[in-house]
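Because only heavy atoms are used, hydrogens play no part in the values below, and waters and symmetry mates are left out as well, while side chains stay in. As the structure is a prediction and not an experimental result, all values here were calculated from the model.
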Amino acid sequence: AGILDSAHFEDTFPGYDDQIVHTRTQPAESADTVPASDVLPDDLADRLGHDLYTHQADAIGRLREGGNVAIATPTASGKTLVYALYFALAKREDPDARAIVCYPTKALARDQRDALAELYDRLGLGLRVAVYDGDTPSNERPEIREQADVVLTNAAGLNVYLAHHTHWRECFGNCALLAIDEAHAASGIHGMHVAWVLRRLRRILAFYDADPRIVCTSATIGNPAEHANRLTGEDFTVIDEDASPRGERDIVLWKPPVDQKALNEARANNLDPSELDMEEFRVSAGGEAAKVTAHLAMNERQTLQFCSARQGTEIAARKIGGAAADHPRDNYIDTKAYHGALGKKTRRAIEDQLKQGQIDAVASTNALELGIDIGGIDATVTNGYPGTRQSFWQQIGRAGRGQTDAISVLVGGADAMDSYILDHPSYLFEDDVENAVVSIDNEQVYADHLCVAAKERPLSEDDAGILGDEDRLKEM
């Protein structure tokens, strides 16, 4: 991209001093598709109005054969459409069929509710899609449990609802689909609890004679089948050959320059910078990221900057505006901060402004790393390496939709990992993405969930497999 050329920066970026240490261009890719009528009945295919990517068709085919699928493809590759269309087919075969979709956040569930409802309306199915979580008004809950075709919820909610499973008899007894969206988010200690909640859910579904197909969607991770198995206790077929189109993507690694003022102060205090860590004398990554974001926004690239903390987003938004105002062009850019502590109305307003192109730049936590629809962002700026390659690729995947081109900039921070990556770019581009890690071996957590499961329904030998192997279950 021309705006990333060193010559362009020298002319338009105040204080440019060869901060670009590496660039990598990912070529555009065309889509690999099959006619929707190869997978769907003709009337549904006509109403859908577009072909399916081959990975979508493969996943739906495997589900129809009776298997479970773990879909691990990049952002905006159409993973949601897989379980949405599969349920449309299941509903055709069984009008009483229900679906439960588990999301990592309430905001994502509400975002997807609108998209799923619109899809089912377009298909002429008239299915009711409803969110059921802690924010659902109590007077609406009985009707959702009894009548909603697709229930969108989260693991924390399920942990509570399972104790009242008799209220869910209609939904649980007819459950034909269980989908775990953004499954890679269920990792570490959080993932451990999610795994036991999902296994307890499967146990209750089995009690009501339901045997749903299970879909786990995730970002690109190193172990999609193992991760899905850890979460649910079931076996999965992996779908990870992405057939969606993408535009050209320029990825830039940016090293903040040496802060000459700090260097001069060190010398004035009789310190020899050559004997110290030079990273201590670099301009802050936050300030550089703000300047890069402002530069992209002033060049008509709507930009999303990722920050590591909520407070950091507020600071970044002010710095981005300040960087634009301090620029020789003296531009104004409309910048907002986005994080989980904002009110729902505020977050939704910012999301809508992004979709409509009414805002130039947003500084966000990883709250926007997940699949909330924010339209076709032109560029991303990541302030400091986010800790994993998986998270890095998830973040830069927020820029560009379909075949539109995208720009992504990683501004290195002061810690050793950032310095290593800037000096060894192959770490990002040539090594495999990390595994998602979930352990179900912690005995205390296992015992706690087993006690809760016993309150939901008496334990028996039939629970072996779902609630741990037979020996472990007996020992408890």
Side-chain angles (χ1 to χ4, degrees), residues 28-101 103 109 111-130 148-152 174-182 211-218 236-247 355 371 373 375-376 400-404:
E29 298 281 353
S30 59
D32 189 1
T33 64
V34 298
S37 56
D38 287 1
V39 179
L40 305 174
D42 289 342
D43 62 323
L44 292 184
D46 290 341
R47 293 186 186 122
L48 182 64
H50 59 77
D51 292 341
L52 294 176
Y53 304 136
T54 54
H55 69 264
Q56 294 172 324
D58 291 344
I60 294 171
R62 182 69 185 112
L63 289 166
R64 297 193 73 182
E65 292 170 357
N68 305 311
V69 296
I71 311 168
T73 54
T75 303
S77 57
K79 296 186 284 283
T80 299
L81 197 59
V82 170
Y83 59 76
L85 290 179
Y86 171 73
F87 183 67
L89 295 173
K91 195 70 174 175
R92 278 283 181 92
E93 296 180 3
D94 178 7
D96 293 327
R98 305 292 181 88
I100 299 171
V101 187
Y103 292 95
D111 181 77
Q112 290 298 300
R113 173 188 58 191
D114 298 338
L116 289 169
E118 187 278 330
L119 171 66
Y120 290 133
D121 285 346
R122 179 156 40 104
L123 294 177
L125 299 176
L127 303 186
R128 183 178 179 191
V129 182
D149 299 291
V150 182
V151 175
L152 313 183
N174 292 290
C175 185
L177 170 71
L178 171 61
I180 298 94
D181 201 278
E182 304 283 358
D211 182 23
R213 300 283 63 74
I214 305 177
V215 177
C216 286
T217 71
S218 77
F236 286 79
T237 296
V238 173
I239 305 293
D240 59 1
E241 293 292 333
D242 180 28
S244 63
R246 72 180 184 201
K355 291 179 193 177
D373 183 10
R401 288 270 166 165
Q403 293 178 298
T404 60

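Checked against side-chain contact (heavy atoms from CB on, under 4.5 Å), Asp43 has the following partners two or more places apart in sequence or in another chain: Pro41, Arg47, Arg92. By the salt bridge (charged side-chain N to carboxylate O under 4.0 Å, His left out) test, Asp114 is found to be paired with Arg348, residues two or more places apart in sequence or in another chain being considered. Not counting sequence neighbours, Thr33 has no partner by the side chain to side chain donor-acceptor pair (under 3.5 Å) test. In terms of the side chain to side chain donor-acceptor pair (under 3.5 Å) criterion, Asp58 has no residue partners (sequence neighbours excluded). By the ring pair (Phe, Tyr, Trp, His ring centres under 6.0 Å) test, Tyr103 is found to be paired with no residue, residues two or more places apart in sequence or in another chain being considered. Judged as a side chain to side chain donor-acceptor pair (under 3.5 Å), and not counting sequence neighbours, the contacts of Ser244 are Asp242. With sequence neighbours left out, Asp38 forms a salt bridge (charged side-chain N to carboxylate O under 4.0 Å, His left out) with no residue at all. The side-chain contact (heavy atoms from CB on, under 4.5 Å) search around Asp96 returns Asp94, Asn174, not counting sequence neighbours. For the side-chain contact (heavy atoms from CB on, under 4.5 Å) test, residues two or more places apart in sequence or in another chain that qualify with Thr54 are Asp32, Val34, Ala243. Legend: residues meeting side-chain contact (heavy atoms from CB on, under 4.5 Å) with Arg113, ordered by chain and number and at least two apart, are Arg110, Val129, Val131, Leu152. Take Glu118 and apply the side chain to side chain donor-acceptor pair (under 3.5 Å) test, not counting sequence neighbours, and it matches Arg122.
Proximity of a side-chain donor or acceptor of Arg98 to a complementary backbone N or O of Ala148 within less than 3.5 Å is detected. Not a single donor-acceptor pair under 3.5 Å links the side chain of Arg213 to the backbone N or O of Ala176.
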Q: Under the side-chain contact (heavy atoms from CB on, under 4.5 Å) rule, what do Leu123 and Leu85 come out as? Steps first, then yes or no, please.
A: CA-CA 10 Å; Leu123 294 177; Leu85 290 179; 3.9 Å; yes

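You'll find the side chain of Arg64 reaches within 4.5 Å of the side chain of Leu89, heavy atoms only. Using a 4.5 Å heavy-atom cutoff, the side chains of Tyr86 and Val69 are not in contact. Residues Arg246 and Glu29 form a side-chain contact, since some pair of their non-hydrogen atoms from C-beta on lies under 4.5 Å apart. At a threshold of 4.5 Å between non-hydrogen side-chain atoms, the residues Thr80 and Leu119 do not count as touching. A 4.5 Å side-chain heavy-atom check between Leu63 and Tyr83 finds every atom pair outside the cut-off.
Once rounded to the nearest 0.5 Å, the distance linking OG of Ser218 with CD1 of Ile180 reads 11.0 Å. One distance of note links OG1 of Thr217 with CG of Leu81; it measures 12.5 Å at 0.5 Å rounding.
The nearest pair of heavy atoms linking Ala36 to Leu48 is CB-CD2, 4.1 Å.
Legend: salt bridge (charged side-chain N to carboxylate O under 4.0 Å, His left out) pairs involving residues 79-91, not counting sequence neighbours, sorted by first then second residue: Lys91-Asp149.
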